[in-house]
**Q** 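Questions regarding the structure given below will be posed in turn.
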Amino acid sequence: MIQNEKSDWLFDFIKSLEQNEKRYFKVQSAPQGSENKKYFQLFDAYDSLTRWNDEKLRNKIKDQSILKFLPQEKRSLYNALLKSLRAYYSDSNLAHKTTSHLEDYEILMKKNNFVLAKKSLAKAKLQSEEYENFSDLIKIYSLEIEHSRSEYRNEDSKKKTTDIFKNIEEATKKLLNYLEYEKAYAHVVRMNKKIELVSSLNEVYEIKKILSQPIFANEARALSVRSKVLYNYVFGVYHYFVNEYSRSEEYFSRYLKLFEANPKIKEIQFENYIRALKNYLFIKLKLGKTDEFLDSFQKLSTLKSNNQFHSDNVYYSTYMFVIIFNVQTGKYREAIDYIQEEKQRFNEISRRVESKHILFEESVFIRFRSAFAYLCLGEPEKAIEQINMYLENEKSKKLSDSYTIANIVLCILYYESGNRLKLWETIKYLLKILKEKPRLNEFERTAYRFMNKAVEVGIKNKWKKEFEVLIKELEPIKQKKFEQNVFEYFAYDAWLEGKVKGKSINNIMLGRLQ
């Protein structure tokens, strides 16, 4: 949950906790004594709120001493929660496991038990090597030098120290190499969030500047599995941006195989593994490789995790691909039936992930495809609900491309529903945001001209001629490389064709699929 002036930092933190984490906190903290009653009361007061309200919180707290020293009590509760979470994740947290081995090493060294200390250090080293945790490896190698000096007093010690220094140099080289790829990866992610859909050569050149770095000359420049993962991801995204889907498939396939061939890296980067699967699935759908899509979809849908966010991610992404696949193959009724069957569970999980703005890009695909399915089945009001769910999310305005497209789709849906008042209001709002948008692709410029014309003509029954003109204007735009992605959000040309020919969009789409 995002903090703002109407919220409270501790409320946001407590609301981010999973039920298992809260339960563990209460069970783990309860035996520690009656002094914990204060922060249990404060915890329960916070946890009982569905929305932040300072007055309601204070009314729920009966112990006046808590209210008198509220800032201090909040800090005590926060520290207790963090301590509980550290314990809760101690078995699954790699950093905690490595730290535990190193703490054991320090204790055993103080006890002059060099043999057992060496074993603890070896465990930490093996773990860090398997997970390519180079920063910890450098520290462990440094401790090995100290251990070697304390254990030996001869030439063997000197040789061993020399070898360890070489290991430190190698680990440092790999760490710096990985950080270079991480920096490029972060740049691509930021760019993707900023422009969303590449619509000009200038935007392509911006990505090419990243790829012109020496580390992208060939994959051999990537010195670790984690670096190779980022190398293939960046190239996969680049080719996806420029609609070169076969090349993108090549890189995303290698990206996925790297995780599957290295289970330790997959374990520590499980969220990235899910992302790798999703990118792979998108490409298979783009290329129409249905069998390969279904095989990998089975992998995604059956993934298991004890981490609630990972489980939510798997479910939410599975839900998205069921909707996308059914809509793409013209199975609109199946898509809607699935939406109805999963409504309760999906709403529960979507509240968790969308309220925190997690998986927001996935929610965009879900809302647009669901709206299209409802429209094809002649239910524009339900389609409007789906688009409005997207527009009501405060993050939607930050994705200016899909936000604009959503308002264009909303105009179509209000037209279909016969709600002329809402149609008129949306057209006026759309003209405003198109006028203020710093960059317009050709599709958006065409939409702007059409909406201006609609204002001139008036919302009457004179649009058939304008629809015919718009179809002709959109035809060459569809053929342009950087305009094609816009039509994946909504089949505007199919809807227009239906209006001109007096057919439903469902009939037009089914005809195209056949």
Side-chain angles (χ1 to χ4, degrees), residues 94-95 98 125-142 162-195 198 201-284:
L94 171 64
T98 305
K125 178 181 173 181
L126 178 63
Q127 192 166 38
S128 296
E129 285 174 339
E130 288 177 334
Y131 290 97
E132 294 191 337
N133 191 337
F134 303 118
S135 55
D136 274 351
L137 267 176
I138 293 167
K139 179 180 178 181
I140 291 165
Y141 288 140
S142 300
T162 301
D163 291 341
I164 294 172
F165 272 121
K166 288 180 182 177
N167 290 339
I168 291 175
E169 288 175 10
E170 186 67 21
T172 302
K173 187 177 177 182
K174 288 181 177 180
L175 175 61
L176 292 174
N177 177 259
Y178 173 72
L179 291 175
E180 283 190 76
Y181 283 105
E182 185 67 44
K183 185 178 177 181
Y185 164 78
H187 192 159
V188 169
V189 170
R190 283 196 303 272
M191 183 183 174
N192 188 203
K193 290 184 182 298
K194 181 177 72 174
I195 64 173
V198 171
L201 285 172
N202 287 337
E203 290 166 353
V204 174
Y205 292 147
E206 190 175 340
I207 310 177
K208 278 193 169 181
K209 279 194 295 185
I210 300 171
L211 297 177
S212 67
Q213 297 176 58
I215 56 171
F216 289 105
N218 55 63
E219 194 173 335
R221 298 288 183 98
L223 302 179
S224 63
V225 173
R226 293 173 76 171
S227 291
K228 290 180 191 298
V229 163
L230 296 179
Y231 172 92
N232 284 286
Y233 175 82
V234 171
F235 269 107
V237 168
Y238 166 72
H239 289 294
Y240 189 91
F241 268 163
V242 297
N243 297 341
E244 294 172 355
Y245 299 129
S246 293
R247 294 299 309 280
S248 187
E249 178 189 29
E250 176 188 335
Y251 286 102
F252 281 147
S253 294
R254 287 212 293 267
Y255 174 45
L256 182 60
K257 285 175 183 175
L258 280 165
F259 279 115
E260 295 181 339
N262 296 275
K264 296 293 184 181
I265 304 300
K266 174 182 167 183
E267 178 189 339
I268 196 173
Q269 295 193 339
F270 194 70
E271 186 180 341
N272 287 339
Y273 172 64
I274 297 172
R275 184 180 294 115
L277 265 174
K278 288 192 283 191
N279 288 333
Y280 184 81
L281 287 167
F282 272 123
I283 286 296
K284 295 302 178 183

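From a predicted model like this one, the values you see are computed outputs, not experimental measurements. All values below were derived from every heavy atom in this structure, side-chain atoms included, with hydrogens, water molecules and symmetry-related copies excluded.
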**Q** Report yes if the side chains of Val204 and Tyr238 come closer than 4.5 Å at any heavy-atom pair, otherwise no.
**A** yes
**Q** Between Ser128 and Thr98, which heavy-atom pair has the shortest distance, and what is it?
**A** OG-CG2, 3.8 Å
**Q** Nearest 0.5 Å, what's the NZ-CD1 distance between Lys183 and Ile210?
**A** 11.0 Å
**Q** I'd like to know if Glu219 pairs up with Arg254 as an ion pair, taking the criterion as any Lys NZ or Arg NE/NH1/NH2 lying under 4.0 Å from an Asp or Glu carboxylate oxygen.
**A** yes
**Q** Would a 4.5 Å heavy-atom cut-off, applied to side chains only, mark Val237 and Tyr233 as touching?
**A** yes
**Q** With heavy-atom distances below 4.5 Å as the criterion, would you say the side chains of His187 and Glu206 are in contact?
**A** yes
**Q** Let me confirm one number: the CG-OG distance from Asn279 to Ser248, rounded to the nearest 0.5 Å.
**A** 7.5 Å
**Q** Please give me the minimum heavy-atom distance between Gln213 and Ala184, naming the atom from each residue.
**A** NE2-CB, 4.2 Å
**Q** Hey, what do you get for CD (Glu180) to CG (Leu176), rounding to the nearest 0.5 Å?
**A** 7.5 Å
**Q** Please report the interatomic distance CD1(Ile138) to CG(Asn167), rounded to the nearest 0.5 Å.
**A** 11.0 Å
**Q** Check whether Glu132 reaches the backbone of Val225 with its side chain - one donor and one acceptor, N or O, closer than 3.5 Å.
**A** yes
**Q** Does any non-hydrogen side-chain atom of Arg221 lie less than 4.5 Å from one of Tyr231?
**A** no
**Q** Are any of the side-chain heavy atoms of Leu258 and Ile265 separated by less than 4.5 Å?
**A** no
**Q** State yes or no: are the ring centers of Phe134 and Tyr178 separated by less than 6.0 Å?
**A** no
**Q** Applying ring pair (Phe, Tyr, Trp, His ring centres under 6.0 Å), run through Tyr280 and Phe252 and close with a yes or a no.
**A** CA-CA 6 Å; Tyr280 184 81; Phe252 281 147; 8.8 Å; no
**Q** Considering only NZ, NE, NH1 and NH2 on the basic side and carboxylate oxygens on the acidic side, decide whether Glu250 and Arg247 come within less than 4.0 Å.
**A** yes
**Q** Is any side-chain heavy atom of Glu170 closer than 4.5 Å to one of Lys166?
**A** no
**Q** Could you give the distance from OH (Tyr185) to CG (Asn272), rounded to the nearest 0.5 Å?
**A** 5.0 Å
**Q** Could you give me the CA-CA distance, side-chain angles and deciding distance for Glu169 and Lys173, then say whether side chain to side chain contact (heavy atoms under 4.5 Å, CB included) is met?
**A** CA-CA 6 Å; Glu169 288 175 10; Lys173 187 177 177 182; over 6 Å; no
**Q** Using a strict cut-off of less than 4.0 Å between a Lys/Arg side-chain nitrogen and an Asp/Glu carboxylate oxygen, indicate whether Glu260 and Lys266 qualify as a salt bridge.
**A** no
**Q** Given side chain to side chain contact (heavy atoms under 4.5 Å, CB included), test Glu249 with Phe282 step by step and report yes or no.
**A** CA-CA 9 Å; Glu249 178 189 29; Phe282 272 123; over 6 Å; no
**Q** Step by step, would you call Gln269 with Lys264 a side chain to side chain contact (heavy atoms under 4.5 Å, CB included)?
**A** CA-CA 9 Å; Gln269 295 193 339; Lys264 296 293 184 181; over 6 Å; no
**Q** Grab the two heavy atoms, one from Ala220 and one from Leu223, that are nearest each other, plus how far apart they are.
**A** O-CD2, 4.0 Å
**Q** Over 60° means perpendicular and under 30° means parallel, so classify the ring planes of Phe235 and His239, tilted if in between.
**A** parallel
**Q** Please report whether the ring centroid of Tyr141 lies less than 6.0 Å from that of Phe165.
**A** no
**Q** Could you measure the distance from the NZ atom of Lys209 to the CE atom of Met191? Nearest 0.5 Å is fine.
**A** 9.0 Å
**Q** May I ask you to test the Asn133-Ser135 pair for a side-chain heavy-atom distance under 4.5 Å?
**A** yes
